[in-house]
Amino acid sequence: MNDMNTETLGWELIGWDSDEQAVHVAGLNRIEILRIRDLFPGRDDDFLETLGYEVPSELYSAMRSAIPHLEFREGLEYQIGGFLLSV
């Protein structure tokens, strides 16, 4: 694990349309990230906090199993990533 303070982080799953517009956004919390982070074995960080990671359609089912409220819309390309929260 790294020394990242996850109390100051938020995460989003973002669905992009063909015009590169973010048209579907779902917020995620630390517990949810812990449930899915191992689905991204090539990640560079412990909490998916530093990059926007592509979410291939092959992961949709596993991600929905881990986080039932997630929804994936047809025709969108998804990424997941973290950001610093305003304090």
Side-chain angles (χ1 to χ4, degrees):
M1 300 282 243
N2 61 23
D3 294 331
M4 177 63 68
N5 177 3
T6 59
E7 299 300 314
T8 60
L9 290 175
W11 294 266
E12 290 179 331
L13 174 68
I14 303 172
W16 301 92
D17 69 10
S18 60
D19 294 326
E20 298 183 8
Q21 298 293 313
V23 296
H24 181 225
V25 179
L28 301 169
N29 63 42
R30 181 182 183 279
I31 299 300
E32 292 169 331
I33 289 300
L34 289 173
R35 290 181 190 157
I36 62 168
R37 69 180 180 178
D38 291 337
L39 296 173
F40 299 87
R43 70 183 186 277
D44 294 330
D45 46 35
D46 287 331
F47 292 97
L48 304 173
E49 75 265 14
T50 60
L51 297 172
Y53 291 92
E54 181 182 343
V55 180
S57 59
E58 296 82 29
L59 291 182
Y60 293 0
S61 179
M63 289 181 68
R64 273 194 231 102
S65 292
I67 307 170
H69 73 83
L70 286 184
E71 173 184 330
F72 295 92
R73 297 182 185 167
E74 180 119 7
L76 300 182
E77 293 183 14
Y78 283 88
Q79 287 183 323
I80 192 167
F83 58 91
L84 286 176
L85 297 170
S86 298
V87 288

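Counting begins at 1 with the first residue of the sequence. What you see below is based on every heavy atom in this structure, not just the backbone, and it leaves out hydrogens, waters and symmetry mates. All of these numbers come straight from a predicted model, not from anything done at the bench.
- No donor-acceptor distance shorter than 3.5 angstrom exists from the side chain of Arg73 to the backbone of Gly15, with no hydrogens or angles considered.
- Taking all atoms of both residues into account, the shortest heavy-atom contact from Phe72 to Leu13 is CE2-CD2, 3.6 Å.
- More than 12 heavy atoms of other residues, nucleotides or ligands shown are found within 6.0 angstrom of CD on Glu71.
- With values rounded to the nearest 0.5 angstrom, Ser61 atom OG is found 11.5 Å from Leu70 atom CG.
- Atom-to-atom distance recorded for Glu49:CD and Asp44:CG is 10.0 Å, nearest 0.5 angstrom.
- Of the residues listed (Tyr60, Trp16, Tyr53), the one engaging Tyr78 in a side chain to side chain contact (heavy atoms under 4.5 Å, CB included) is Tyr60, and it is the only one.
- Separation of atoms CD (Glu54) and CG (Leu59) is listed at 9.5 Å; rounding is to 0.5 Å.
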Margin query: Apply side chain to side chain contact (heavy atoms under 4.5 Å, CB included) to residues His24 and Asp17 and explain how you reach the verdict.
Written below: CA-CA 9 Å; His24 181 225; Asp17 69 10; over 6 Å; no
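- Rounding to the nearest 0.5 Å places CD1 of Ile31 at 12.5 Å from CD1 of Ile36.
- Between Ile14 atom CD1 and Glu77 atom CD the span is 13.0 Å, to the nearest 0.5 Å.
- Closest approach of Phe47 and Arg30 over heavy atoms only: CZ-NH2, 3.9 Å.
- In this structure, Leu28 CG and His69 NE2 are separated by 5.5 Å, a value rounded to the nearest 0.5 Å.
- Side-chain atoms of Arg37 come within 3.5 Å of backbone atoms of Asp46 as a donor-acceptor pair (strictly under, hydrogens ignored).
- Cluster membership for Val25 and Leu76, using ILVMFWY side-chain heavy atoms within less than 4.5 angstrom, is not shared.
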Next item on the list: Could you please spell out the steps behind the side chain to side chain contact (heavy atoms under 4.5 Å, CB included) verdict for Leu85 and Leu9?
Entry: CA-CA 5 Å; Leu85 297 170; Leu9 290 175; 5.6 Å; no
Next item on the list: Apply side chain to side chain contact (heavy atoms under 4.5 Å, CB included) to the pair Ile33 and Ile80, showing each step before the final yes or no.
Entry: CA-CA 10 Å; Ile33 289 300; Ile80 192 167; 4.0 Å; yes
